[in-house]
Novice: 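Dropping the structure in here first, questions after.
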Amino acid sequence: MQLTFPDGKKKTYDAPITPLAIAKAISSSLAKKTVAAFLDDTLYDLNRPIDRDGAIRLITESDDEAFEILNHSSAHLMAQAIKRLYPNAQFGVGPAIEEGFYYDVALDESLKEDDLLKIENQMRKLVKENHEMIRQEVSREAALTFFKDDFYKTTLIEAIPEGDAITLYRQGDFVDLCRGGHIGFTGKIKHFKLLSLAGAYFRGDSSGPMMQRIYGTAWFSKDALDAHLSMLEERKERDHRKLGKELKMFMLNSEVGQGLATWLPNGYAVRKVLEDYVYDQERKAGYLHVSTPVLGTKHLYETSGHWDHYQENMFPPMEKDDETFVLRPMSCPHHMKIFQSDLRSYRDLPLRYAEIVTQHRYEASGALTGLERVRAMTLTDAHIFVRPDQIKEEVINAYELIETAIADLGLEIAYIEFATRDDSKSKFHDNDRLWNLAETILEDVLKDAEIPYKKVPGEAAFYGPKIDFQVKTVLGHMITMSTIQLDFLLPERFDLNYINASGEKERPVVIHRGYISTFERLMSILLEQYKGAFPTWLAPVQAIVIPVNQAVHGEHAKALKQHLIDLGYRVNVDQRDEKLGYKIRDAQTQKIPYQLVIGDQEMAEDQVTYRQYGSSDQHTVSTAEFEALLAADVARKSRPQ
RNA sequence: GCCGGAAUAGCUCAGAUGGUAGAGCAACUGACUUGUAAUCAGUAGGUCACGGGUUCGACUCCUGUUUCCGGCACCA
């Protein structure tokens with residue numbers, strides 16, 4: 001039997017031979033680090049015998065695939081430990097995930113935090129016992145017979161497509177249904193920790209049973225595990241809810257209402273900068289700003305179709321004077337009425353309406369998370385009315401506007417999701433011709449613009465396909481930042497039209513454009529991104545003036561503060577009768593970008609001594625120089641210096 | 001909405017087995033008059049989330065509710 005290595009070398013072996021044996025033959029240190037192997041494109045467990053020719057690649061601890069294999073095996077190890085402690089336990093799925101693994105368990109008793117330690121200790125025992133994890137291919141019938149009393153596993157087996165191999169993995173007394181790859185021996189799993197308990201629906205079906213999910217993480221070295229755990233701690237420090245409280249940005253008060261955020265002065269200062277930014281960018285890009293009410297009649301939303309398709313996400317209707325009103329969850333219907341308010345010519349198009357507006361959506365209570373998921377949100381919402389021949393250009397314009405904003409905010413587009421419909425007809429507007437046309441145009445735009453994208457069938461809006469701009473936050477969450485949605489349906493429902501060149505009525509197409517998410521969600525992202533230390537253009541307080549001696553320099557400091565405020569900056573002065581060190585410390589704690597110290601020399605020479613957040617360097621410059629520096633800092637927004 | 005956990009001063013947190021609460025920071029007052037991350041002293045601050053129950057007595061035990069946290073489901 002001949003195996004070809006990645007460097008092209010061929011070696012001959014007596015079949016069968018395991019990846020472990022192959023690695024051992026090369027060196028014992030390689031064997032230690034080897035986790036599994038690829039034979040051509042098939043993943044082989046460390047101990048799965050290879051009995052045919054092919055291209056072999058040994059996977060070692062440093063390879064990307066290794067972490068996944070280790071964690072997948074750790075999930076099995078945990079299941080084995082649970083089975084020992086709770087013989088009646090049944091299992092759902094137990095995959096490796098980005099930062100570790102989980103396993104879903106069905107148990108009569110509910111697990112407690114303390115139980116995680118018990119399970120962890122049992123896992124360590126099993127590691128010491130060093131069970132071999134043996135792969136076995138079985139027939140569907142054999143698998144079903146083996147798991148005949150296990151509702152979860154039989155359901156999973158039945159879901160495996162006909163013709164696919166069904167494999168079992170045995171380690172000691174524990175057997176699990178699994179497609180593999182595994183690390184071969186439980187003894188290879190050394191550095192792990194169980195992290196949390198959660199509920200999870202079996203197969204993600206909220207009408208089905210709920211299982212107990214245990215999350216854990218496994219690494220190849222103690223250092224790597226420790227580094228991961230301290231990273232998890234650091235993440236908590238970055239949590240926008242914690243930072244938002246510390247920096248007095250916003251509050252969520254149960255008496256105000258669940259999911260209803262209150263912006264405090266600091267938070268609103270940041271939001272106002274963002275509002276002004278989007279308004280100005282839109283103005284330059286030819287958008288026309290409008291303002292429409294927070295309430296609308298139920299009839300309006302029946303016309304748009306939201307009442308039928310979106311009702312469960314809306315607050316219940318209210319009645320007054322024989323009229324039924326709803327709190328608007330979106331702006332589209334209002335903007336449709338604006339388009340309709342006048343006779344439109346083909347020469348008027350594209351018409352771009354934008355509005356900074358508050359909307360209310362009834363989000364499930366369990367979904368609410370700080371500012372990330374709220375029930376009242378403010379955003380800039382735009383609807384662009386175009387002729388069919390203008391679609392492509394306007395989609396590209398919107399794309400560019402969004403791209404610029406994301407860069408100005410110091411964020412990055414991770415990828416773009418192209419959401420199309422799938423076969424579940426009831427979820428989507430029933431018009432094949434329009435759907436196919438809409439999807440074709442959007443995909444053409446994506447292709448022509450050479451934008452990398454990922455197609456996600458079934459994720460479209462009910463009125464049409466869309467592209468979503470996904471941003472990865474510093475905490476690793478993927479968040480939809482912006483969206484461009486094509487809509488052939490609402491113009492039809494509202495019977496919108498314009499007069500074309502031949503004097504005939506024609507139907508416009510609507511592009512829904514979400515710009516930079518909602519101000520609430522954006523605030524949460526930015527707080528976490530900058531760990532509360534906002535770049536100068538966004539900072540709620542951009543500079544604080546600190547007199548060395550309040551009695552001597554206080555008046556001058558106050559005047560300097562007012563001078564900078566008059567120039568358009570957000571500036572405070574610390575007039576407390578405290579020592580300089582105390583006031584500096586306080587300013588650093590508040591993460592104010594510039595601290596301006598005023599003493600005898602500065603007062604006499606019209607200078608400031610500034611110090612930036614996070615640095616202990618001091619620079620003495622003339623007030624004019626400092627103003628120029630501040631202006632340049634604000635102008636570059638969040639882009640790198 | 002579902003599973004599990006939590007809720008003590010403005011903030012961060014202590015408070016064994018039931019005997020009505022403490023610290024640090026912040027606030028306020030006074031002294032100090034300050035040159036780059038905490039000057040000293042004093043004062044005030046709490047329906048222990050809310051409602052019911054058990055008990056001679058509940059922050060503590062039971063129970064219901066609310067909100068928050070970790071997930072799941074949801075997320076135009």
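Residue numbering restarts at 1 for every chain, and letters A, B, ... go by the order of the sequence lines. Predicted model, so just to flag it, every value in this text is computed and none were measured.
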Novice: Let me have RNA chain B in dot-bracket notation, would you? Count Watson-Crick plus G-U wobble pairs, both distances under 3.5 Å, and use [ ] for pairs crossing earlier ones and | for inter-strand partners.
Specialist: (((((((..((((.....[..)))).(((((.......))))).....(((((..]....))))))))))))....
Novice: Which part of the nucleic acid, if any, lies within reach of Tyr102(A) when heavy atoms closer than 4.0 Å are counted: base, sugar-phosphate only, or nothing?
Specialist: nothing
Novice: Which is true for Gly366(A) with a 4.0 Å heavy-atom rule: it touches a base, it touches only sugar-phosphate, or it touches nothing?
Specialist: base
Novice: Do the side-chain N or O atoms of Ser196(A) get closer than 4.0 angstrom to the phosphate oxygens (OP1, OP2) of G71(B)?
Specialist: no
Novice: Look at all strands and tell whether Ala198(A) reaches a base, only sugar-phosphate, or nothing, counting heavy atoms closer than 4.0 Å.
Specialist: base
Novice: Return the nearest nucleotide to the side chain of Lys112(A); candidates are A76(B), C72(B), G5(B).
Specialist: G5(B)
Novice: Name the closest nucleotide to the Arg241(A) side chain, picking from C69(B), C2(B), A26(B).
Specialist: C69(B)
Novice: In sequence, state the C-alpha distance, the side-chain angles, and the governing distance for Glu417(A) and Tyr415(A), and then conclude on side chain to side chain donor-acceptor pair (under 3.5 Å).
Specialist: CA-CA 7 Å; Glu417(A) 261 181 25; Tyr415(A) 65 93; 3.2 Å; yes
Novice: OP1 or OP2 of U36(B) sitting under 4.0 Å from any side-chain N/O of Arg585(A)?
Specialist: no
Novice: Between Tyr515(A) (OH) and A76(B) (C1'), how many Å, whole number?
Specialist: 20 Å
Novice: Test side chain to side chain donor-acceptor pair (under 3.5 Å) on Asp600(A) and His553(A); report intermediate values, then the result.
Specialist: CA-CA 7 Å; Asp600(A) 289 341; His553(A) 316 113; 2.6 Å; yes
Novice: Could you state the atom-to-atom distance from CG of Leu111(A) to P of C72(B) in whole Å?
Specialist: 17 Å
Novice: Base, sugar-phosphate or nothing for His512(A)? Non-hydrogen atoms, less than 4.0 Å.
Specialist: nothing
Novice: Measure the distance from CZ on Arg235(A) to C1' on G71(B) and round it to the nearest whole Å.
Specialist: 14 Å
Novice: If I compare all heavy atoms of Val357(A) with all of Ser331(A), which pair ends up nearest, and what's the gap?
Specialist: CG1-OG, 3.4 Å
Novice: Base, sugar-phosphate, or nothing: which does Lys466(A) touch, judged by heavy atoms less than 4.0 Å apart?
Specialist: sugar-phosphate
Novice: Can you check side chain to side chain donor-acceptor pair (under 3.5 Å) on Gln311(A) and His306(A), steps first, answer last?
Specialist: CA-CA 7 Å; Gln311(A) 203 184 133; His306(A) 287 94; over 6 Å; no
Novice: Less than 6.0 angstrom from the centroid, inside 45 degrees of the normal: does Lys455(A) satisfy that with respect to the ring of Phe418(A)?
Specialist: no
Novice: Without decimals, in angstroms, what is the distance between Lys236(A) NZ and C69(B) P?
Specialist: 14 Å
Novice: Determine: side-chain N/O of Tyr215(A) to OP1/OP2 of C72(B), distance under 4.0 Å, yes or no.
Specialist: yes
Novice: Do Arg328(A) and Tyr301(A) form a cation-pi contact, if we require the NZ or CZ to be under 6.0 Å from the six-membered ring centre and within 45 degrees of the ring's axis?
Specialist: no
Novice: Looking at the base of A37(B), is there any donor atom on it, or on the side chain of Arg611(A), that sits under 3.5 Å from an acceptor on the other one?
Specialist: yes
Novice: Under the 3.5 angstrom rule, does the side chain of Glu439(A) hit a backbone N or O of Arg421(A) as a donor-acceptor pair?
Specialist: yes
Novice: From C72(B), U33(B), C69(B), pick the nucleotide closest to the side chain of Asp577(A)?
Specialist: U33(B)
Novice: In whole Å, what is the span from the NZ atom of Lys242(A) to the P atom of G10(B)?
Specialist: 18 Å
Novice: Does Lys531(A), at its NZ atom, have more than 12 non-hydrogen atoms belonging to other residues, nucleotides or ligands within less than 6.0 Å?
Specialist: yes
Novice: When you measure only distances, ignoring hydrogens and angles, does the side chain of Glu602(A) come within 3.5 Å of the base of G35(B) through a donor and an acceptor?
Specialist: yes
Novice: Please state whether the base of C75(B) and the side chain of Arg521(A) form at least one donor-acceptor pair under 3.5 Å?
Specialist: no
Novice: May I have the distance from Arg213(A) (atom CZ) to C72(B) (atom P), rounded to whole angstrom?
Specialist: 6 Å
Novice: Starting at atom CD of Gln601(A), determine the distance to atom P of G35(B), rounded to an integer number of angstrom.
Specialist: 15 Å
Novice: Taking donor-acceptor contacts at under 3.5 Å, does the side chain of Tyr201(A) reach the base of G71(B)?
Specialist: no
Novice: Let me know the distance between CZ of Arg328(A) and C1' of A76(B), rounded to the nearest Å.
Specialist: 15 Å
